[in-house]
There are 2 protein chains.
Amino acid sequence: MTGKPATIKEIAKILNVSVSTVSRALHKHPTIGITTQLKVQALAEKLGYEPNQNAISFQKGKTYTIGVIIPELSEAFFSAAISAIEDTAYKRNYTVLIAQSHDNEEKEIQLVEKMKNSRVDGLLISVAKTTSSFAHFDMLKRFNIPVVFFDRIPPLKNIHYVACNMETGSIEAVNYLLQKGHRSIGLINGPATLAASGERKEGYIKAMTKNRLKFDPSLIVGCNLTEEGTRAALDGLLAHKRRPSAIVTFNDYVSLYAIKHARNLGINLDKDLQFVSYANLPIINYMDYAPVASVEQFPYLQGQKAADILLDLLSRKEQSLDEVQAYYNVIVESQLIENKTRNSY
Amino acid sequence: MTGKPATIKEIAKILNVSVSTVSRALHKHPTIGITTQLKVQALAEKLGYEPNQNAISFQKGKTYTIGVIIPELSEAFFSAAISAIEDTAYKRNYTVLIAQSHDNEEKEIQLVEKMKNSRVDGLLISVAKTTSSFAHFDMLKRFNIPVVFFDRIPPLKNIHYVACNMETGSIEAVNYLLQKGHRSIGLINGPATLAASGERKEGYIKAMTKNRLKFDPSLIVGCNLTEEGTRAALDGLLAHKRRPSAIVTFNDYVSLYAIKHARNLGINLDKDLQFVSYANLPIINYMDYAPVASVEQFPYLQGQKAADILLDLLSRKEQSLDEVQAYYNVIVESQLIENKTRNSY
DNA sequence: ACTTTTCACGCAAACGTTTGCCTGTTTTTT
DNA sequence: AAAAAACAGGCAAACGTTTGCGTGAAAAGT
């Protein structure tokens with residue numbers, strides 16, 4: 001009851017059986033007689049025996065731990081994804097090891113290294129914005145540690161990943177605004193270096209042309225996602241000869257910056273300018289002026305799918321159905337969610 | 001270069017020395033000759049040898065892992081604390097195992113159990129709101145696993161903890177408003193069941209009486225922290241015979257709800273009503289109307305101190321300076337932070 | 001040239017669990 | 001009643017590393 005936890009050995013000694021018998025009894029192995037089995041289990045219970053996970057991991061050469069590397073825990077998207085990963089993993093008796101790269105490539109490399117050394121069974125990664133070399137992922141492959149990428153996917157062949165298709169949401173966003181009667185719709189996009197920017201732009205263009213509207217490239221402005229950058233971008237659009245009555249922004253933060261700026265400029269956000277953005281963060285429920293709709297990327301679902309895939313990979317590995325023949329490529333469709341709570345209750 | 005990682009045994013065999021020599025050489029043990037040492041290190045490097053953490057943990061009976069149990073990862077306070085814990089732990093070569101209780105007592109108990117079984121060396125906990133029994137913490141004590149509580153502290157004797165003193169911040173908050181010329185100051189508090197509510201109330205009262213102002217209990221209203229609850233609380237205060245010109249709220253969310261409601265009621269938030277709250281969340285930087293100041297609780301600092309304490313405990317344990325003579329009780333002073341960015345740039 | 005010390009390294013046990021293989025006993029089959 | 005099969009359990013190795021103790025050989029002391 002006090003000091004060190006009970007071991008299988010002690011149980012064996014007390015019961016005058018061998019350790020192997022105890023081990024098998026606790027696993028309900030059929031070759032152990034029912035009476036012995038019960039005796040062992042009873043004593044184990046009484047002693048409060050708990051298997052030493054460390055010893056098991058060591059013995060089996062696997063840790064029943066999956067590593068997760070994300071850019072920032074404080075971002076709502078990732079904490080939601082983590083929750084999903086935890087839930088999924090716990091159900092299958094896996095433990096989750098979380099680490100943040102803070103969007104720093106060097107840190108990411110260190111973490112991958114550390115995860116490899118702490119012998120996680122598999123890895124879930126959303127890569128840092130700045131990551132430009134991918135050798136550290138190759139290393140994992142060499143060590144036979146399966147990796148599933150999610151949300152932020154590196155441009156590599158032959159990888160497992162789950163990502164969100166931004167195009168559908170983008171199209172929905174533009175369509176939504178068109179239906180609302182807007183005819184000049186701007187886009188405050190992210191930096192061109194981000195893949196996410198490209199997807200948003202594609203969707204925007206596709207929606208415009210599908211609706212037989214002339215697509216005006218000058219209505220698309222990039223920004224660096226900071227508050228100042230957003231202000232500059234908005235100023236640019238407002239000065240446009242076909243001043244937009246609605247704007248799609250790269251994410252909710254950009255929308256919020258833009259809204260703040262617009263309000264300071266005295267623009268009527270109910271009539272003269274509406275925003276639609278990406279992310280659908282809970283934060284917008286606290287705003288008195290918020291985007292009228294936001295494209296949801298389903299972080300929980302993405303996390304869940306990614307974890308499912310990884311666990312599947314691990315179980316096939318256990319059955320040595322190794323040498324993957326195919327790669328999982330799961331696409332979650334984004335979806336426009338109207339912000340019902342906006343400015344009303 | 002390919003399949004399984006290199007082991008100490010292989011190095012030993014290749015170099016025709018014993019495994020113990022290799023082990024010691026890699027640890028730069030003085031009893032190993034310098035030439036052998038270099039030979040070993042060179043080969044280890046060449047083979048890409050990495051010690052098997054699993055084996056080491058098993059051998060040493062410790063995991064170099066500290067567990068962290070928090071209510072919600074998505075709350076900014078906790079994700080900041082986690083970042084601090086991670087940083088602190090990594091510096092000392094510890095790994096951090098994170099789990100969320102979702103403010104659910106049962107889940108918390110399960111997690112404590114799981115952490116114990118996965119043999120974490122120590123535990124950092126911020127207890128769930130609903131937790132009312134504390135037997136699971138006693139168990140950790142029995143198994144000799146040190147625990148440091150932070151932020152949300154259970155009412156127990158003889159525990160290590162780091163917490164934040166709300167009273168100083170509360171006093172500062174009220175003083176701040178008094179200096180700004182407000183004479184009637186309301187308090188929208190949390191539920192009476194929360195210890196945090198009591199502290200805020202204490203501070204509020206202390207500040208009022210210290211300033212020789214009559215303290216009016218009817219200017220304090222409780223709320224359940226929801227949007228509706230907040231509206232009702234605000235309505236109550238606005239109907240007060242001495243209608244307050246400033247209000248202190250339990251946290252930033254309550255402030256935001258109240259502000260939203262006040263704006264809908266057409267109240268001028270620049271002149272007629274000001275808010276001060278607790279938490280100092282980054283979210284308020286995105287608001288066009290936000291609390292004019294917020295009481296910072298320094299989550300990063302709290303996490304850091306808590307981790308420091310735990311690591312210290314673990315190192316004394318290693319030196320078997322066991323049987324703690326004293327308990328760490330660290331108090332971080334809260335501090336009022338003016339919201340400079342509010343409504344201006 | 002002898003003993004004593006220091007040096008550099010090897011031996012082997014230990015950590016807790018799992019698992020392939022072997023052995024003795026009981027039950028079933030013919 | 002003898003042979004085969006089924007049952008119950010034990011033996012021992014293995015996983016990779018650390019570490020107390022032992023031991024030759026070289027260096028130092030007398």
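Each chain gets a letter, A, B and so on, in the order its sequence line appears, and its residues count up from 1.
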With a sphere of 6.0 Å drawn around CD of E106(B), does it hold more than 12 non-hydrogen atoms of other residues, nucleotides or ligands?
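Check fails, neighbour count at 12 or below.
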State, to the nearest 10°, the angle formed by the axis through the first five base pairs of the helix from dA1(C)-dT30(D) to dT30(C)-dA1(D) and the axis through its last five.
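Roughly 40° between the end axes, to the nearest 10°.
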Between the side chains of T131(B) and E105(B), does any donor sit under 3.5 Å from an acceptor?
no
Modelled atom types, side-chain donor and acceptor of S23(A) and S20(A), under 3.5 Å
no
Does the pair Y161(A) and D151(A) meet the rule for a side-chain hydrogen bond (donor to acceptor under 3.5 Å, both in side chains), with working shown?
CA-CA 8 Å; Y161(A) 69 81; D151(A) 191 55; over 6 Å; no
Once the angle between the rings of F150(B) and F78(B) is folded into 0 to 90°, is it parallel (under 30°), tilted (30 to 60°) or perpendicular (over 60°)?
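Perpendicular.
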In terms of the angle between their ring planes, are F149(B) and F137(B) parallel, tilted or perpendicular, with boundaries placed at 30° and 60°?
perpendicular
Interatomic distance, [X] [atom1] vs [N] [atom2] [rounded to whole Å]:
{"X": "I34(A)", "N": "dT26(C)", "atom1": "CD1", "atom2": "P", "result": "20 Å"}
{"X": "H29(A)", "N": "dG20(C)", "atom1": "NE2", "atom2": "C1'", "result": "10 Å"}
{"X": "K62(B)", "N": "dT19(D)", "atom1": "NZ", "atom2": "P", "result": "12 Å"}

Do the non-hydrogen side-chain atoms of T65(A) and V96(A) ever get within less than 4.5 Å of each other?
no
Among residues two or more places apart or on two chains, list those pairs meeting ring pair (Phe, Tyr, Trp, His ring centres under 6.0 Å) that have a residue in residues 5-32 of chain B.
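Matches after skipping sequence neighbours: none remain.
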Across nucleotides 11-17 of chain C, 5' to 3', mark each nucleotide with B, S or - according to how protein heavy atoms within less than 4.0 Å reach it.
BB-BBBB
